[in-house]
Enquirer: 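Pasting in a structure now, in structure tokens, and then I'll have a few things to ask.
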Amino acid sequence: MAVVSEVRDLGRHVGDVVTVRGWVETTRSHGKVAFVVVRDGTGIVQGVVLQKQVPPSVWEDFERLTQETSVTVTGAVREEPRAPGGYELTVENIEIVQVAEEYPIQPKEHGIEFLLDHRHLWLRSSQQRAILRVRNEVEKAIADFYYERGFIRVDAPILTGAIGEGASGLFETDYFGEKAYLAQTGQLYIEAAAAALGKVYCFGPTFRAEKSKTRRHLTEFWMVEAEVAWYDSDDNMRLQEEFVSYIVARALDRCGEELELLERDTSKLENVVPPFPRISYSEAVERLQAKGSTIQWGMDMGAPDETMIAEDFDRPVFVYDYPKEAKAFYMKENPADPRTVRCDDLIAPEGYGEIIGGSQREDDYDRLLARIREEGLPEASYGWYLDLRKYGTFPHSGFGLGLERTVAWITGRPHIREMIPFPRMLNRLHP
RNA sequence: UCCCGCGUAGCUCAGCUGGUAGAGCAGACGGCUGUUAACCGUCGGGUCGCAGGUUCGAGUCCUGCCGCGGGAGCCA
């Protein structure tokens, strides 16, 4: 009985007969010599079948192979520069687990609607596998970054009462006769946890029922949010630039193969080291007006504005201290200019747009209550949040980073729908 | 919600000023001892998104609807 090996370990078995278990990517037959390429999740390996050297039953089994047939292939491992991956199996036996029906996805271009309808199969394609590997590495980098710095992960609830950034865009569901909403953010909960543990973060899915139809929006996306007691807005931006630089460096270090397969120009990622440029909102407005934008002071920046700002820099850029009207109720008023709040957006290069929104939080009870009333938010739902300003209030700051937008930027892909295994978008709930 | 664009074979597309519905890939069969999205030959494959209209005649022109894509707004 041959030893079972994962494809990535074949280099340790040169000269041995091993069994590989996986799925047939493609076959090529030449009459008396034939090739089968098998994928097992760790890599791909080519098997060569010589009609003279295998029993007739094995040759017949080869001829039954179709794309995505599940098989175990047994053969001797050889170094072979002509084979993808550098190793090749001289096939001695093929065991068919199931002959796959005609597979819808071919190694060629497909339309996005077709691919999304077949997302459960599309995941098997090489670029999609590479993207999911990069996502996995980014998720690990996030956990490592915070663990190394003494942050405690505090998971926020997904089912919530009416509480979030604003009243709009909430997915509603029934909770034993009471209305419940899918979380738009974990921030308010980890503000509570910051008073318990100091430095905390949460990481999980968040939901926005916005009818957005752009390459930067999903209705379900993953967000990692940090909250730090005693940090002001400047401390907050320093943490953000270290965090983003750490993630990018990790991807460059450990996902070289994937980024190459995705044809990412990694030289653009090498620049991503602190400090990131910082420009105030007011300065940004002046820059944009000089470039021809119609933005006026007081308006929020649109996506084209963000791209115009980013194109002047070779790394992410902070825009800070936005007008109060353009931002959420919980942001702290700027003592130096009360028209603005102490917040920042981090805009990624190359047109990827906002990947972080952060702020120092309003820690004064009366001002926070006034803002909740100004925004017309359901005051009763925010009682516990206001409590945090009654029992030992404290300066604190935090931010949220959109995982899919970050992975799209790192992988250089145009649309975030490929950055999550099963995207949820306007008009797309299946598969 | 608004503004653009697109719906033709299983998939990707071509189809000109209206006149017999096409190719490549995939599939089936045959050939080939080193292929890399192999190649060569043969074959099957269509409610041209749906409904109406104009016309002797509509894949093609017009109207409405549906679906999808891109963008705006909103945001991460």
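Below, chains carry the letters A, B, ... as their sequence lines are ordered, and counting in each starts from 1. Only a predicted model underlies this, so the values are computations on that prediction, with no experimental measurement involved.
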Enquirer: Below 4.0 angstrom from OP1 or OP2 of B:A28, is there any side-chain N or O of A:Arg64?
Expert: no
Enquirer: Between B:G27 and A:Gln106, counting only base atoms on the nucleotide and side-chain atoms on the residue, is there a donor-acceptor pair under 3.5 Å?
Expert: no
Enquirer: Check whether any side-chain N or O of A:Thr69 sits under 3.5 Å from a backbone N or O of A:Val24 as a donor-acceptor pair, and report yes or no.
Expert: no
Enquirer: Now, which nucleotide makes the Watson-Crick or G-U wobble pair with B:G67, with each of the two distances under 3.5 Å?
Expert: B:C6
Enquirer: Any N or O donor-acceptor pair under 3.5 Å from the base of B:U35 to the side chain of A:Gln46?
Expert: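 Donor-acceptor pair under 3.5 Å: yes.
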Enquirer: Using the P atoms only, state how far B:C61 lies from B:C74, rounded to an integer number of Å.
Expert: 38 Å
Enquirer: To the side chain of A:Ser212, which of B:G73, B:U35, B:G70 is closest?
Expert: B:G73
Enquirer: Is a donor on one side and an acceptor on the other found under 3.5 Å between the side chain of A:Thr219 and the backbone of A:Arg424?
Expert: yes
Enquirer: Between the base of B:A76 and the ring of A:Phe221 - centre-to-centre under 5.5 Å, planes within under 30° - is that a stack?
Expert: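 Yes, A:Phe221 stacks on the base of B:A76, since the ring centres sit under 5.5 Å apart and the planes are within 30°.
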Enquirer: Which one, B:C75, B:G73, B:C68, comes nearest to the side chain of A:Arg428?
Expert: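 Among the listed nucleotides, the one closest to the side chain of A:Arg428 is B:C68.
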Enquirer: Between B:C50 and B:G70, how far apart are the P atoms? Round to whole Å, please.
Expert: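 Between the two P atoms, the distance is 24 Å.
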Enquirer: Looking at B:A76, does its base get a donor-acceptor pair with the side chain of A:His217 below 3.5 Å?
Expert: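 By the distance-only test, no, there is no pair.
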Enquirer: Please state the C1' separation for the pair B:G45 and B:C39 - nearest whole angstrom.
Expert: 23 Å
